[in-house]
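These notes are about the structure you will find just below.
Predicted model, so just to flag it, every value in this text is computed and none were measured. Below, chain A is the first sequence line, B the second, and so on; all start at residue 1. All values below come from the heavy atoms of this structure, side chains included, with hydrogens, waters and symmetry mates left out.
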2 protein chains.
Amino acid sequence: MNQNTKDIHSIFSQYLSEQNLRMTTQRELILKTFCKQKKHVTAEQLYEILKKADPTIGHATVYRTMKLLTEAGIARELNFGEGSIRYEPDTSKEHHDHLVCVKCGENIEFLDEEIENLQKRVVSKYGYQLVDHSLNLYGICPKCQKS
Amino acid sequence: MNQNTKDIHSIFSQYLSEQNLRMTTQRELILKTFCKQKKHVTAEQLYEILKKADPTIGHATVYRTMKLLTEAGIARELNFGEGSIRYEPDTSKEHHDHLVCVKCGENIEFLDEEIENLQKRVVSKYGYQLVDHSLNLYGICPKCQKS
DNA sequence: TTTGATATTGATAATGAGTTTCATTCGCTG
DNA sequence: CAGCGAATGAAACTCATTATCAATATCAAA
Ligand SMILES: [Mn+2]
Ligand SMILES: [Mn+2]
Ligand SMILES: [Zn+2]
Ligand SMILES: [Zn+2]
């Protein structure tokens, strides 16, 4: 419930009213809980956490709200090829890509400006207009290399 | 049924016998049909194509065989976040990444050595051992920009 | 503050990709 | 050819996500 969370709350409120949608207690709870997470969570994981605070909350509401948060630019979808989508906050931090350990799932965030620029060069070389990109590096973390 | 296809056939045969698995008419047909494809196909798309040649072929057999081809290093899995996996031949060409049009799905293959090297630099910076990577650029192709 | 139009919710059913099960059939070796 | 294990196809299943829909909540207008 810090300043940052408050800002995000008003970003979401504004997005909702722009779309003629309503702020609800469920949406507030989901937003607040999502922002508290330290790791990238799936909708299902978030649902499990939310049930502790509100056992009546619905499965579908969580999925629906995560989609809204994504549209509002508050959450970002991550696809590590696990079969489900993970979400991370998209406002507080700079853009970054991920280096994931294939053994334990540990996850490092990095940003390499040179790579970012070279991507732009590739895209413009083919006359495309860049919309998005996804760069995931998969490896074995130092810890897992030992075992 | 060119030379290349023949080579791939023996790569697959050898892989199978190494694993104490058998070459079957279904596996031969799937391999042959997969190699003929010009575009990246999903298992389901390939199944639809295969049914024309062999209406008795099973759904599960196609999925199972594509997995085998991947293990044998003949096919590569592509994940463009569409909800299903696409496959491309992994032997004939060099490694490459993809630039995908988000409107029409058109797909450009590119290889940027500088990006590849910078990826390695990132991985080693964190002490990881690189296993794989996935770089997809999403944009709007020149054709779709006009409409 | 009441009302009413409409957005939202949660339970549940449905979907779609991919996997598992299992009885039957096939491929290979002896 | 016999026998054994691998492979197949049909069908059931899993798992993530989405659609449906009746009941409820929100909010602007009266
Ligand atoms: Mn992240
Ligand atoms: Mn390709
Ligand atoms: Zn690890
Ligand atoms: Zn296009």
- prompt: For every nucleotide of nucleotides 7-13 of chain C, 5' to 3': is a protein heavy atom under 4.0 Å from its base (B), only from its sugar-phosphate (S), or from neither (-)?
  reply: BSBB---
- prompt: Is any side-chain nitrogen or oxygen of A:Lys67 closer than 4.0 Å to OP1 or OP2 of D:dT17?
  reply: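 For D:dT17, neither OP1 nor OP2 has a side-chain N or O of A:Lys67 closer than 4.0 Å.
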query: Distance check: side-chain N/O of A:Tyr63 vs OP1/OP2 of D:dT17, anything under 4.0 Å?
result: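 True: A:Tyr63 side-chain N/O within range (under 4.0 Å) of D:dT17 OP1/OP2.
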How long is the span from the [atom1] atom in [X] to the [atom2] atom in [Y], to the nearest 0.5 Å?
{"X": "A:His96", "Y": "A:Ile108", "atom1": "NE2", "atom2": "CD1", "result": "12.0 Å"}
{"X": "A:Glu106", "Y": "A:Leu99", "atom1": "CD", "atom2": "CG", "result": "9.0 Å"}
{"X": "A:Lys32", "Y": "A:Thr25", "atom1": "NZ", "atom2": "OG1", "result": "11.0 Å"}

For [X] and [N], give me the distance from atom [atom1] to atom [atom2], rounded to whole Å.
{"X": "B:Glu48", "N": "C:dA17", "atom1": "CD", "atom2": "P", "value": "11 Å"}
{"X": "B:Glu82", "N": "D:dA16", "atom1": "CD", "atom2": "C1'", "value": "17 Å"}
{"X": "B:Met66", "N": "C:dT19", "atom1": "CE", "atom2": "P", "value": "12 Å"}
{"X": "A:Asn79", "N": "C:dA17", "atom1": "CG", "atom2": "P", "value": "15 Å"}
{"X": "B:Glu28", "N": "C:dG27", "atom1": "CD", "atom2": "P", "value": "10 Å"}
{"X": "B:Leu29", "N": "D:dG9", "atom1": "CG", "atom2": "P", "value": "10 Å"}

message: Checking B:Arg27 now: which residues fulfil salt bridge (Lys or Arg N to Asp or Glu O under 4.0 Å) with it, not counting sequence neighbours?
response: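 Listed in chain order: nothing, the list is empty.
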query: Are side-chain N/O atoms of A:Gln145 and B:Tyr128 paired as donor and acceptor at under 3.5 Å?
result: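 No pair is found: no donor N or O on one side chain lies under 3.5 Å from an acceptor on the other.
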message: Here's a test for you: under side chain to side chain contact (heavy atoms under 4.5 Å, CB included), which of A:Ile30, A:Asp54, A:Thr24 qualifies with A:Thr61?
response: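 The single option meeting the side chain to side chain contact (heavy atoms under 4.5 Å, CB included) with A:Thr61 is A:Ile30.
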